[in-house]
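Please read the structure below before turning to the comments.
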Amino acid sequence: MTTKPDFWRSSGFHLLQPDARGWLRVTPDFLRAYLARPEMRPVEASCPAEHALYDSLLDNPVRPVGDADVSALADEDVQHNYRVVLRFRDLLIEHGTLEAAYLAIVTSGRGDVPVLFVEQLVHAILRNVLSGCADPIRLRAAELFFRQQNVSLDNGRVMLADEEVVEMYAQTGGMGGLGQLLVDSMTPLRQVELDVLDDDNKSVYWDRSDRFDTVIDFRFTQPGVDAFARVMEAWIAHFLDVRTRIQPMQAIHDEHWSWHIGLDAGATEILNALYEGEDVGPDDMQRILGLFRMEIRDDRAVVASMRGKPVYLGLAMTPDRKLRMKPQNLLTNLPFSEGA
């Protein structure tokens with residue numbers, strides 16, 4: 001029997017347990033992982049109250065912690081860190097699963113949850129959603145959901161590299177000037193140690209999935225765009241139990257265009273302008289990296305005016321060539337009836 005390679009161990013998926021629905025139940029071990037963060041671990045100079053609180057949470061990560069317990073800590077920065085982490089911990093405990101907690105965050109507009117923590121939820125949830133996936137290009141495309149990308153337009157190609165990894169190359173001396181050239185999109189990515197995944201070399205992803213140091217070609221004709229569409233379908237099905245079919249497209253030619261969703265702030269702005277018939281300059285049009293046509297096959301929950309009609313999706317880079325996807329838009333902006 002062939003065992004499928006593991007991937008994304010850094011997501012914390014292995015610390016979680018699926019429930020009957022397939023959503024991920026919060027576990028004490030998953031909560032303990034947040035105590036391992038550098039800003040949470042006590043140091044030699046930490047006060048006795050901090051050591052005591054930390055040890056008690058390691059022993060019982062779900063134990064109640066009052067404000068008086070946090071206020072007793074000598075370092076105000078440590079107090080702040082505890083309040084942020086404990087507020088997030090309590091949210092996870094309250095909702096029971098990562099998916100329910102994520103939906104609570106994105107539907108309530110809570111601004112008290114750090115973006116990093118939200119991205120970590122998406123990382124773990126997608127690891128669950130894609131557990132049976134054997135295609136590294138699809139997994140790499142899924143990284144767009146929780147890792148900001150740097151966009152390089154290289155000889156007609158649209159190359160996406162992890163922004164944090166690009167910055168690391170730019171700031172470390174090991175790459176010399178190549179890292180900065182990479183940031184400036186002046187050097188083809190094949191000339192540096194970030195492999196561009198294709199059908200010939202995609203197996204390298206399995207050993208490097210937690211390094212986020214591979215590149216995907218996101219042109220319309222390349223497998224990465226179709227792989228991204230398949231991830232969007234799986235994401236929607238996992239949360240909403242709704243079947244969709246999403247296909248990449250090059251342009252929207254639809255006199256009856258009725259609904260669209262921007263997958264990031266820039267795409268939302270551009271699609272809104274196009275829908276309203278406003279003039280959109282060539283610079284903004286060139287920021288569009290992907291357009292998609294979604295058919296909602298389970299349309300019982302769809303508002304009557306949208307049944308049988310497509311939903312158009314757009315993905316765009318910022319003027320400084322960054323890509324910051326908002327996966328929550330796929331869940332909160334669909335044309336569903338109220339209460340569906």
Polar side-chain atom of Asp264 near backbone of Ala316 as donor-acceptor pair, under 3.5 Å: yes

Salt-bridge contact Asp6-Arg127 (side-chain N to carboxylate O under 4.0 Å): yes

Below 4.0 angstrom, N of the basic side chain to O of the carboxylate: do Asp320 and Lys322 qualify? no

If the threshold is 4.0 Å, N to carboxylate O, is there a salt bridge linking Arg287 and Asp284? yes

Whether the side chain of Asp198 engages the backbone of Asn201 through a donor-acceptor N/O pair (distance < 3.5 Å, no angle test) should be reported. yes

Using the rule that Ile, Leu, Val, Met, Phe, Trp and Tyr join whenever any side-chain heavy atoms are under 4.5 Å apart, tell me whether Leu263 and Met285 fall into a single cluster. no

If you count every heavy atom of other residues, nucleotides or ligands that lies below 6.0 Å from Asp241 atom CG, does the total exceed 12? no

Sorted by chain and residue number, the salt bridge (Lys or Arg N to Asp or Glu O under 4.0 Å) partners of Arg147 (sequence neighbours excluded) come out as Asp162, Glu164

Can you tell me how far the CD1 atom of Ile105 sits from the CG atom of Leu121, to the nearest 0.5 Å? 5.5 Å

N/O donor-acceptor pair under 3.5 Å between Asn333 side chain and Ile261 backbone: no

Honestly curious: do Tyr102 and Phe336 fall in one hydrophobic cluster under the side-chain, below-4.5 Å linking rule? yes

Check against side-chain contact (heavy atoms from CB on, under 4.5 Å), Asp90 and His95: CA-CA 9 Å; Asp90 292 344; His95 292 281; over 6 Å; no

Taking ring-ring contact (aromatic ring centres under 6.0 Å, His included) as the definition, give me every residue that meets it alongside Phe88, ordered by chain and number, with sequence neighbours left out. Tyr34, Phe117

Do Arg208 and Asp195 sit within salt-bridge range, that is, some charged N less than 4.0 Å from a carboxylate O? yes

Is it the case that more than 12 heavy atoms not belonging to Glu269 sit under 6.0 Å from its CD atom? no

Classify the ring geometry of Tyr312 against Trp257: parallel below 30°, tilted from 30° to 60°, perpendicular beyond 60°. perpendicular

For Tyr205, what residues pass the ring-ring contact (aromatic ring centres under 6.0 Å, His included) criterion, not counting sequence neighbours? none

What distance separates Leu57 CG from Leu31 CG, expressed to the nearest 0.5 Å? 9.5 Å

Find out if a path of hydrophobic residues (ILVMFWY) with successive side-chain heavy-atom gaps under 4.5 Å connects Val70 to Met40. yes

According to a 4.5 Å side-chain heavy-atom criterion applied to Ile, Leu, Val, Met, Phe, Trp and Tyr, with indirect links allowed, do Trp206 and Leu126 form part of one hydrophobic cluster? yes

State whether the side chain of Arg307 and the backbone N or O of Val302 hold a donor-acceptor pair below 3.5 Å, judged by distance alone. yes

Can I get a per-line list of side-chain donor-acceptor pairs under 3.5 Å for residues 288-300, giving both atom names and the distance, sequence neighbours left out?
{"from": "Arg293", "atom 1": "NH1", "to": "Glu295", "atom 2": "OE2", "distance (Å)": "2.8"}
{"from": "Asp298", "atom 1": "OD2", "to": "Arg243", "atom 2": "N", "distance (Å)": "2.7"}

Kindly state whether the ring of Phe145 and the ring of Phe228 have centres lying under 6.0 angstrom apart. yes

Can you measure from OG (Ser46) to CG (Asp75) and round to the nearest 0.5 angstrom? 7.5 Å

Pairing of Arg230 and Asp226 as salt bridge, 4.0 angstrom limit: yes

Identify each donor-acceptor pair in which a side-chain atom of residues 271-278 lies under 3.5 Å from a protein atom, sequence neighbours left out, and give them as a table.
{"from": "Asn272", "atom 1": "OD1", "to": "His260", "atom 2": "NE2", "distance (Å)": "2.7"}
{"from": "Asn272", "atom 1": "ND2", "to": "Thr268", "atom 2": "O", "distance (Å)": "3.2"}

Start with the C-alpha gap between Leu16 and Arg25, add the side-chain angles, then the distance that decides, and say whether side-chain contact (heavy atoms from CB on, under 4.5 Å) holds. CA-CA 6 Å; Leu16 296 154; Arg25 289 199 300 266; over 6 Å; no

Working to the nearest 0.5 angstrom, can you tell me the gap between His14 NE2 and Phe30 CZ? 13.0 Å

In this structure, CD of Glu44 is separated from NE2 of His51 (nearest 0.5 Å) by 8.5 Å

Heavy-atom donor-acceptor pair, Ser11 side chain to Phe13 backbone, under 3.5 Å: yes

Run the side-chain contact (heavy atoms from CB on, under 4.5 Å) check on Phe239 and Leu330 step by step: do they pass? CA-CA 10 Å; Phe239 275 98; Leu330 286 168; over 6 Å; no

Is it the case that one hydrophobic cluster holds both Leu35 and Leu116, taking links as side-chain heavy atoms less than 4.5 Å apart, direct or via other members? yes

Residues two or more places apart in sequence or in another chain: which of them pass salt bridge (Lys or Arg N to Asp or Glu O under 4.0 Å) with Asp69? Arg63

CD/Glu143 to CG/Leu160 distance, rounded to the nearest 0.5 angstrom? 10.5 Å

Take atom CZ in Arg87; do more than 12 heavy atoms of anything else shown fall under 6.0 Å from it? yes

Step by step, work out the side-chain contact (heavy atoms from CB on, under 4.5 Å) result for Leu197 and Thr214. CA-CA 7 Å; Leu197 291 186; Thr214 57; 3.9 Å; yes

Classify the ring geometry between Trp8 and Phe146 as parallel (under 30°), tilted (30 to 60°) or perpendicular (over 60°). perpendicular

